[in-house]
Every structure is written in C-alpha cells, then in structure tokens.
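Only one structure is covered here, and it is reproduced in the block below.
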Amino acid sequence: MTEITKITRRTFMATSAAAGGGIVFGLPFPKMGPKFAQAAFKDLTGGAEINAYVHVASDNTITFGCPATEMGQGSGTSLWMMFAEEFECKWDAVLDFPTGRPEYVQPLIGLQLTGGSTATPGFWGVLRKAGAQARHMMIQAAATRWGVDASQCSASDSMVTSGDKKATYGELAAAAAGQTPPEEPTLKTPAEWKIIGKPGFDRLDSLLKVTGECQYSSDISVPGMVHAAIRMVPFGGKILSYDTAAAKRVKGVRDVIVVGAEAPAIFLDNNVPAVIVTADSYWQAEKGAKAANVQFGQPKEFAELDSDKISSALHAGLAAEGSQARADGDYPAAIGSASDTLSATYEVPYMSHSPLETMNALADFRGDSLECWISTQDPGAGYIVAEMITGLPQDQIYIHQTYTGGGFGRRVEVEYLEYAIEASMAVKAPVKLTYSREEDMANHFHRPTYAAKMTAGIDSSGEVTAWQHHISGPGIWLSPMRSSRLKNLFAGSDFINGQIESGVDFHSAQGAKDIGYNFANIDVRYTQVDFPVPIVFLRGVGNTQNAFFIESFMDELADHIGQDPFELRQKLLADEPRMLATLELAAEKANWGGSLPKGHAHGIAFHNSFDSPWCDVVELSVRGGKRVNIHKITRAVDCGLVVNPDQFDAQVQAGVVWGLAHTFLTGHTVKAGELAQKNFDTYKLPRISQMAEYEVHTVPTKNDPTGIGEPVFHTMAPAITNAIFAATGKRIRSLPLNRHGMSLA
Amino acid sequence: MITLTVNGQSHTVDVDPDTPLLWVLRDTLGLTGTKYGCGISECGICSVHMNGELINSCQKSIGKCSGADVVTIEGLGANGLHPIQQAFIDENVSQCGICIPGQLMAAAHMLNSNPEPTDHEIDVAMKNNYCRCGAYTRIRAAIHAAASSA
Ligand code: FES
Ligand code: FES
C-alpha cells in the first residue's frame with residue numbers, strides 16, 4: 001500500500017465519520033458524497049437554476065438535472081415523472097446528467113452511483129419534494145411580482161396564474177431562484193397524480209437516440225485530443241516486453257506509455273498493468289498497439305488455469321466446511337434425523353456484461369485542473385479516483401457524465417477513467433481512451449463463477465424439514481481480484497469488517513441467505529475460493545447464481561417427494577403475503593396445471609430480490625432433445641408502485657433477453673490463463689429471431705416503488721431448465737445450455 | 001486522398017487506405033452516430049448504407065470507398081424523420097440507444113425493398129443487429145408500425 005492510498009483513506013474515513021452513513025441494501029455504508037458542490041448546470045447560460053434538479057430558461061425550456069445515470073433503464077424519464085408531477089410544468093424537458101453535488105448522491109448508497117435498482121426507490125421522496133419546492137418558488141415569485149398572497153396563485157403547465165394575471169415559468173425563473181422554498185411542502189396524494197403511474201409518457205431521449213445525435217463519452221471530442229488504445233495484461237500477469245519503435249513507425253502514433261506495473265506510485269494495487277498507445281485517430285492507435293506486440297507473462301499457476309481446474313477448486317470448496325451465513329433452527333440435528341435426503345450440485349461460469357458501448361473515457365488534465373467525460377454509472381467514484389490520481393482538490397475537477405451505452409453493473413467500476421487520466425497526465429494532452437471489444441471482454445471485470453451444493457432433509461411424513469445451501473466461489477468484496485480503488489474505499493467500514501469477520505461475502509450469499517421459504521431448519525454457508533479473474537457486480541448480482549441454484553433444487557425436491565413444484569412453493573411461502581401473491585399470480589395467469597399442447601411443458605421459478613418478489617412460468621418444447629422452443633413466458637412481480645408503466649415493460653422485455661442470454665449463451669470458459677471468448681464471434685448474444693413472447697402482471701399494491709432493473713432476469717434460467725426437465729426428464733445443473741449442446745430455436 | 005459522398009455531401013479524406021469506413025466517419029468526419037461495437041461484423045451497430053447496400057462499416061476499408069455514396073444515421077431522415085425513426089420514437093424502442101442507429105439503418109434498408117415485412121422477414125433482415133439492452137419486441141413492433149404507416 002502506498003502513501004497516497006494511506007493518506008486518502010485516512011482523509012476519507014475522517015470525512016465519512018463526520019458525515020454519517022448512507023444505507024445500501026439495509027447495510028451501513030460510509031457516506032462519500034462530493035467534497036465540493038459543483039454548479040448544477042455548468043453548460044447552460046441564461047435562465048436560472050431553481051434547484052439542483054431543474055433549470056428553467058427564459059423561453060420556458062426546462063432542463064432536468066437527473067441525479068441517476070441514463071444507461072437505458074429509463075431513469076431519465078422515470079425520475080422526471082416524479083419531479084414534474086409536483087412541479088406542475090410542461091412535460092417536455094431536456095435531460096442533463098450533472099455531477100458533483102450532494103443532491104445527486106444516491107440516498108440508498110451514499111455516493112453518486114446508479115446501481116442496485118436504487119434510482120427509483122432512492123429518489124422517490126427526494127424528487128417529488130424538490131419538484132414541489134420548485135413549484136412553490138415559482139408561485140412565491142409571481143405572488144411578490146403581483147403583490148398578492150401566494151395562496152391566491154396556482155401553477156399548472158409551466159404557468160402561474162392569479163385571477164387574470166399570468167406568468168410563465170420562464171418569465172419567473174430568475175426571481176424564483178432567489179426564493180426560499182418551504183422545508184416540507186405537502187405532496188400530492190396518489191389520487192391527485194396525473195403523471196406518476198400513468199401510461200403515455202414517452203421517453204425524453206428518444207429523438208436524440210434515433211437521430212444519432214445522442215452523445216456517449218465515446219463520441220466526444222475536444223480540441224487537441226489524441227486517441228488511445230490499450231492492451232491490459234491477462235489476469236495476474238505483468239508486462240514482459242513491448243516494441244515502442246515498431247508502434248511509432250505506424251503513421252499517426254504519438255506515444256507509447258505503460259500504466260500499472262511501471263508506475264506504482266500512481267497506479268496502486270488496483271488496475272492491471274497496461275500499455276497505452278496514443279495516436280491521431282483511434283484506428284492508428286489500435287494499429288500501433290498491435291505493432292507494439294506487447295508480451296505478457298503470468299505466474300505458472302495462472303498461466304495454466306483452465307475451466308476444469310476452476311471447477312475442481314469450486315467443488316473442493318464445497319467439500320470444506322465454509323463460513324456460516326445463516327442458521328435457523330438446528331440443521332445438523334434435522335438432517336441427521338431426516339428419513340430421506342436429497343442433494344445436488346450446480347455451477348455457473350464467469351459472465352461478462354458486454355454493454356455494446358465498450359469501456360472508454362476522455363480525460364483532459366491541465367496541470368491545475370482536470371475535466372473528464374465518461375459513460376459511467378459511478379461519477380461519484382470518478383471524483384474520488386480523479387482526486388487520488390492527480391492530487392487535485394475536487395473543486396478543480398469536473399466529470400461530465402454522458403449518456404451511457406449500457407452499464408449492467410460493469411460501469412460501477414471506473415478503471416477506464418483512471419487509465420485515461422493517467423494517460424492524459426503522461427502525454428500532456430486530452431486523451432480519449434477506447435477499449436477494443438477484445439480488451440473489454442477478456443481483460444476486465446466479470447460476474448464471478450460459482451458452484452453450490454444444495455441439500456434437503458425430508459421427514460417420514462414427507463415434509464421438508466432441513467435446507468442447506470453451500471456456495472463456493474470468489475467474493476466481490478472479499479476476494480483480492482476485485483481490486484479497485486472503489487473497493488478499497490470501503491476498507492474499514494462496518495460493511496466490510498462484518499464480511500471479513502463472518503467470512504461471508506455479501507454478494508456471494510445474496511439471495512441465498514434471505515430466501516422466503518419457510519423451512520424449520522436452514523443452513524446457508526459460503527466458502528471463498530479465489531481465481532485471478534477480475535470480478536464485479538452484474539445486474540442482479542448474487543441472485544443471478546443463487547436463484548438458479550435454489551429454484552433448480554426446489555424443482556428437484558418437488559419431483560423427489562412427488563409434489564407439484566408450484567404447490568410446494570405455495571406451501572413454503574404461506575407466511576409471506578407479497579411473495580405468495582406473486583407466485584400465485586404467475587401460476588394463475590399461465591394456467592399452471594392446465595392442459596398444454598402436445599410436447600409442451602411448463603417450468604416455474606420464484607425469487608425475491610431487491611424487495612421485489614418475482615415469478616416466471618415458461619412454456620416450451622424441445623426438439624430432438626436439443627432445440628428449445630420457448631412458446632410463452634408469463635411473468636409476475638410485486639415491485640410496489642410502478643412509476644413509469646412504459647419503462648417497466650421495457651425492463652421486463654429486457655429481462656427476457658437477458659434471461660435467454662444467461663440461460664443459453666453467455667458463459668466464459670478459461671483456457672491457459674485467459675478467458676477463451678474475446679468477442680461476439682464466440683461470446684454470442686440472443687438475436688431478434690430468438691426473442692420469446694412474454695406477458696407481465698403486477699400484484700396490485702399501494703406500496704412505494706421497489707427494484708425493477710436488477711431482478712428482471714434471474715428467475716428465467718431456472719424456469720427454463722425446470723421446464724426442460726418437465727419436457728424431457730433431463731436435469732440441467734450448470735449454465736449456459738450451449739455447453740450441453742442445447743440451443744434456442 | 002479518397003473522395004466519397006456521405007449523406008449527399010462530397011468529402012475528400014487523407015487517411016491510410018486500410019482505415020475502416022467506421023473510423024473515418026467517426027474520427028475524420030465527426031459523424032459519431034455510427035457506433036463501434038465489435039469490429040468483426042457480429043453486432044451491426046456500425047451499419048450504414050453504401051451505394052444502396054447495407055454494410056458493416058467496420059469491415060469496409062476506406063481505400064475501397066472511392067466514389068462511394070454513403071448514407072449514415074445522420075442522413076437517414078434527410079427531409080425530417082424517416083418513418084422508421086418516427087416509429088422507434090412512437091414505440092419507445094430505445095433503451096441505452098447505442099445500437100439504435102444500426103437497427104434503424106438495417107430496418108430502413110429492408111423497408112426499401114420490402115415495405116410489408118413478415119415477422120420472419122424481419123428476423124432475417126435484422127439478424128445481424130444485436131441489442132444488448134434487449135429491446136427486440138419493440139424493434140419488431142416499430143418495424144411493423146413503420147410498414148403500415150408508409
Ligand atoms: S462494429 Fe461493425 S459489426 Fe460490430
Ligand atoms: S438499446 Fe442498448 S443495446 Fe440496444
């Protein structure tokens with residue numbers, strides 16, 4: 001650990017102690033919000049900032065400063081619905097994604113970060129209140145102008161009226177900005193809502209996205225900018241050699257620099273070493289990187305690592321005792337006295353997020369200031385790492401968060417920004433670094449690989465009395481191979497200390513520890529097994545593996561004891577009304593137990609995550625034991641109030657495609673120390689012809705919104721494999737199905 | 001020096017002849033609506049029209065584009081929005097949006113020769129275009145909507 005980390009960590013811990021903690025997933029996180037409040041709408045001139053979320057121009061154009069990333073999930077529009085509902089404005093707004101103000105810190109995380117399905121629940125109260133405050137400020141400005149009492153004024157459609165007097169928000173903006181809003185304005189009741197929960201509010205970014213005008217950080221250019229390509233070492237390795245002269249013989253190539261291994265004072269124990277080649281165009285930079293012929297070396301045990309060895313190590317982990325994550329009742333006694341037991345072992349591979357915009361960042365270091373542009377989920381971490389690398393105070397740094405070409409958890413990390421800043425400091429010019437797909441896919445963070453052993457004990461009356469779920473694999477928080485500055489920032493927090501003490505990685509056990517099924521004796525344990533493949537959160541995180549393990553085993557268990565898989569779950573969820581209602585809704589809508597066309601079979605899977613119980617019923621048939629034809633997916637969820645019905649459906653649709661990808665296609669194998677799949681020729685995604693028909697149903701509720709983006713796909717895999725069992729009698733205990741010779745018709 | 005027409009405008013570019021058209025569009029001409037996703041003809045997000053054909057611009061060296069007539073997303077709706085662009089807006093297709101220009105170029109190309117495509121014809125015409133966000137149901141709906149509006 002170098003001096004820089006120590007100092008920063010100490011400063012950070014002091015700051016966080018003073019600032020109190022945020023909460024993530026019910027766990028205390030240190031608060032890491034910005035140390036300096038940036039101007040909210042840096043690029044807008046004229047008009048006025050009413051508060052950190054809204055700017056009104058004199059021509060009435062409204063700009064929404066969206067505190068969450070727009071990476072496709074529709075937060076730009078959904079969060080605007082909350083604000084606009086109270087602001088009483090015209091619907092149309094320009095979306096902006098400003099950074100670096102405390103108002104943009106995700107209340108459920110403590111950092112300006114979008115992830116964990118927190119955008120809607122976290123800003124639900126905040127944005128409605130801020131919208132109401134902004135409306136009050138407009139009304140107060142009008143009341144003052146007209147010399148009337150505020151109670152005699154009302155606002156709607158971006159206009160304040162009082163009797164026959166009228167003024168637009170644009171006319172009032174400058175005066176409104178100086179008003180003091182009420183601390184706790186009264187919010188509308190659900191019956192008064194005109195926007196929240198209503199259909200017909202189109203995405204605000206559609207026009208930009210269909211004309212090609214939408215700018216992602218990969219599209220930004222600044223004067224004097226050079227392009228950069230990168231070659232990162234395969235995991236656990238180091239750079240052995242590279243040919244600067246050969247690279248520089250490529251026309252347009254300017255500099256060849258090393259980051260990581262040879263720059264330890266700045267690159268801490270965080271990023272893998274890499275060679276960066278800068279040039280006048282990206283193509284020249286890539287050609288230069290090829291010509292540089294970078295040679296890497298890995299320690300022998302890494303260089304010889306392959307999928308078989310990984311699998312053996314995971315299974316050895318299951319034979320160990322592991323660390324206890326949950327203990328209900330007396331599992332050892334219950335399993336010891338069971339009249340019958342069932343056990344099965346499952347496995348899932350490394351999986352890459354593969355957003356279609358590869359990782360990239362533009363950094364312009366000017367000695368005493370730094371300006372960056374990034375497609376990211378995590379501008380909050382961007383400020384922190386930028387400060388650590390440059391030593392500049394945060395008020396000399398600005399991070400432009402652009403539209404983001406897919407995140408899925410990958411862009412919670414910001415190592416692409418770190419590399420770009422480093423390169424800009426080295427070559428003294430603005431640098432736009434773009435990962436090739438190969439670098440993006442093969443050399444960075446993945447969903448970890450896991451195995452699980454599931455065991456159940458059944459008593460003489462056929463009741464399942466004992467349940468054990470043992471997971472082995474890397475831990476996103478505990479394993480060294482999620483080595484990133486972001487992770488290091490959490491060191492010393494209660495959240496991390498608790499995991500170290502228990503030996504249970506929060507996300508490895510996520511969805512296993514907190515199952516809703518009511519077994520009398522439950523034992524959940526985790527064995528940490530490390531491999532040198534970098535890992536990070538992927539949409540749904542721990543639930544992606546654990547829902548597959550649990551729901552596959554539930555199906556085996558039902559079959560073993562001769563019960564209907566739906567009815568077994570129904571019985572075990574009897575005390576969980578939201579979960580039970582979701583399960584029953586899906587079964588009812590899918591006509592579970594009803595007659596199906598010849599050769600068709602149903603599979604069911606249920607899981608509760610991000611406080612949103614979800615159930616999928618899949619109807620499919622299998623041709624020749626190999627070709628799986630999915631006829632219908634019936635989905636049910638209780639995600640609380642649906643703020644934006646259109647984007648809710650878009651996420652459900654996305655979940656189907658992600659579910660198909662996860663089940664059939666997206667798994668990495670490891671060969672000779674590297675991920676074998678480096679691009680889409682070998683790491684395939686579903687295509688439009690493979691899209692399955694789905695319908696979705698929501699449990700009627702008055703509860704506040706809960707998560708949608710994260711829980712959308714992890715019930716798909718077990719629902720599909722359970723249906724395959726029903727159709728063929730073949731049990732699938734590992735993913736993806738292409739490794740079993742099965743494909744999506 | 002290579003001269004080609006892009007969106008009706010003639011451009012003469014001085015770049016290495018092996019440079020893919022994709023990077024000439026993006027880095028030399030500043031037309032960043034055409035995206036990079038794989039560089040190996042698998043994802044379709046770099047799709048453009050060249051002499052009336054649908055091509056992956058990551059696969060076409062600029063040296064082979066002399067005299068070519070190229071249309072990119074920026075030129076698709078030369079006179080206002082193309083019906084397929086309007087349909088993508090109406091159906092709220094876009095999620096992250098990064099694949100959308102390529103989807104639109106592929107869909108517009110199909111609609112040119114097949115104004116009333118069936119689901120199967122859509123599957124065939126759109127098979128080279130990945131959407132990682134997974135907007136396939138709506139892409140299909142938007143293509144049908146554009147077909148019936150034309
Ligand atoms: S970038 Fe051209 S097909 Fe993927
Ligand atoms: S909208 Fe994101 S990849 Fe298609």
Side-chain angles (χ1 to χ4, degrees), chain A residues 70-74 202-203 205-216 218-221 227 251-252 280-284 287 354-358 403-408 434 436-438 646-647 650 653-658 661 679-681 684-691 693-694, chain B residues 15-16 18-20 22-24 26-28 30-43 45 72-74 76-77 81-82 84-86 88-90 92-101 104 119-120 122-124 126-140:
Chain A
E70 178 52 71
M71 50 187 162
Q73 85 285 33
D202 290 336
R203 284 187 74 111
D205 51 6
S206 278
L207 182 63
L208 281 181
K209 286 177 176 175
V210 303
T211 53
E213 281 165 36
C214 184
Q215 285 205 311
Y216 306 83
S218 48
D219 298 328
I220 309 273
S221 290
H227 294 263
K251 196 170 144 206
D280 296 337
S281 74
Y282 178 67
W283 179 249
Q284 291 168 328
K287 269 169 70 177
S354 298
L356 287 191
E357 183 192 18
T358 61
Y403 278 97
T404 294
F408 318 123
T434 308
S436 67
R437 175 59 60 190
E438 288 79 6
D646 176 75
Q647 285 310 300
Q653 171 196 223
V656 170
V657 182
W658 270 72
N679 204 328
F680 294 131
D681 51 346
K684 303 259 188 206
L685 302 178
R687 299 196 178 273
I688 193 170
S689 60
Q690 296 169 314
M691 184 61 192
E693 202 187 312
Y694 70 92
Chain B
V15 290
D16 312 340
D18 67 347
T19 310
L22 168 66
W23 296 108
V24 176
R26 288 181 59 80
D27 290 351
T28 313
L31 295 170
T32 54
T34 306
K35 308 296 183 188
Y36 163 73
C38 70
I40 58 163
S41 226
E42 287 286 337
C43 75
I45 81 173
T72 70
I73 187 67
E74 289 89 348
L76 182 64
L81 292 177
H82 186 285
I84 190 67
Q85 289 174 307
Q86 188 59 51
F88 269 52
I89 294 176
D90 295 343
N92 277 315
V93 173
S94 301
Q95 292 193 32
C96 83
I98 200 94
C99 74
I100 297 297
L104 289 165
D119 274 351
H120 178 70
I122 292 174
D123 283 352
V124 172
M126 304 299 291
K127 72 173 187 302
N128 294 323
N129 292 81
Y130 272 159
C131 177
R132 179 55 159 161
C133 294
Y136 290 136
T137 303
R138 292 188 182 191
I139 290 171
R140 189 192 299 279

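Atom set for the values below is all heavy atoms of this structure, side chains included, hydrogens, waters and symmetry mates excluded. Here is how names work: the chains are called A, B, and so on, in the same order as the sequence lines, proteins then strands, and each is numbered from 1.
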Tell me, with the steps shown, if A/D202 and B/I89 meet side chain to side chain contact (heavy atoms under 4.5 Å, CB included).
-> CA-CA 8 Å; A/D202 290 336; B/I89 294 176; 5.5 Å; no
Flag the one option from A/G407, A/G74, A/S354 with the top tally of heavy-atom pairs under 4.5 Å to chain B.
->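 Top count of heavy-atom pairs under 4.5 Å with chain B: A/S354.
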Select, from A/D681, A/D205, A/V656, the one with the greatest count of heavy-atom pairs under 4.5 Å involving chain B.
->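 So the answer, after comparing A/D681, A/D205, A/V656, is A/D681.
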So, [X] side chain and [Y] main chain: donor-acceptor pair closer than 3.5 Å or not?
{"X": "B/Q95", "Y": "A/Q73", "result": "no"}
{"X": "A/Q653", "Y": "B/T137", "result": "yes"}
{"X": "A/R687", "Y": "B/K127", "result": "yes"}
{"X": "B/Y36", "Y": "A/R437", "result": "yes"}
{"X": "A/Y403", "Y": "B/G97", "result": "no"}
{"X": "B/N92", "Y": "A/R203", "result": "yes"}

Heavy-atom cut-off 4.5 Å, strictly under: side chain, backbone, both or neither for [X] against chain B?
{"X": "A/S221", "result": "neither"}
{"X": "A/E213", "result": "neither"}
{"X": "A/V210", "result": "both"}

May I ask you to decide whether B/E42 forms a salt bridge with A/K684, counting only side-chain N to carboxylate O separations under 4.0 Å?
->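 A salt bridge links B/E42 with A/K684.
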Could you grab the distance from atom [atom1] of [X] to atom [atom2] of [Y], nearest 0.5 Å is fine?
{"X": "B/I98", "Y": "A/Y216", "atom1": "CD1", "atom2": "OH", "value": "4.5 Å"}
{"X": "B/L81", "Y": "A/T211", "atom1": "CG", "atom2": "OG1", "value": "7.5 Å"}
{"X": "B/C131", "Y": "A/M691", "atom1": "SG", "atom2": "CE", "value": "9.5 Å"}
{"X": "A/D280", "Y": "B/D27", "atom1": "CG", "atom2": "CG", "value": "10.0 Å"}
{"X": "B/I40", "Y": "A/S436", "atom1": "CD1", "atom2": "OG", "value": "10.5 Å"}

Derivation of the side chain to side chain contact (heavy atoms under 4.5 Å, CB included) call for B/R132 and A/L685 | CA-CA 7 Å; B/R132 179 55 159 161; A/L685 302 178; 3.5 Å; yes
Looking at side-chain heavy atoms only, is the closest gap between [X] and [Y] below 4.5 Å?
{"X": "B/P20", "Y": "A/W283", "value": "yes"}
{"X": "B/I139", "Y": "A/I688", "value": "yes"}
{"X": "A/P686", "Y": "B/Y130", "value": "no"}

Using a cut-off of under 4.5 Å on heavy-atom pairs, state which of B/L31, B/T19, B/T72 scores highest against chain A.
->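 Most heavy-atom pairs under 4.5 Å with chain A: B/T19.
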Highest number of heavy-atom pairs under 4.5 Å with chain A: which of B/C133, B/C96, B/G33?
->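 Most pairs with chain A among the choices: B/C96.
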Quiz item: cation-pi between B/R26 and A/Y282, 6.0 Å / 45° |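 B/R26 over A/Y282 ring: no.
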With a 4.5 angstrom heavy-atom cut-off, could you sort out which part of B/I84 is near chain A: side chain, backbone, both or neither?
->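 Answer is neither: B/I84 stays 4.5 Å or more from chain A.
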Would you sort out whether B/K35 and A/D219 count as a side chain to side chain contact (heavy atoms under 4.5 Å, CB included), showing the intermediate values?
-> CA-CA 9 Å; B/K35 308 296 183 188; A/D219 298 328; 2.5 Å; yes
Just jot down the salt bridge (charged side-chain N to carboxylate O under 4.0 Å, His left out) partners of A/K287, sequence neighbours excluded, or say none.
->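 Per chain and number, A/K287 pairs via salt bridge (charged side-chain N to carboxylate O under 4.0 Å, His left out) with B/D16, B/D18.
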Would you please name every residue forming a salt bridge (charged side-chain N to carboxylate O under 4.0 Å, His left out) with B/R138, sequence neighbours left out?
->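 B/R138: salt bridge (charged side-chain N to carboxylate O under 4.0 Å, His left out) contacts with A/D646, A/D649.
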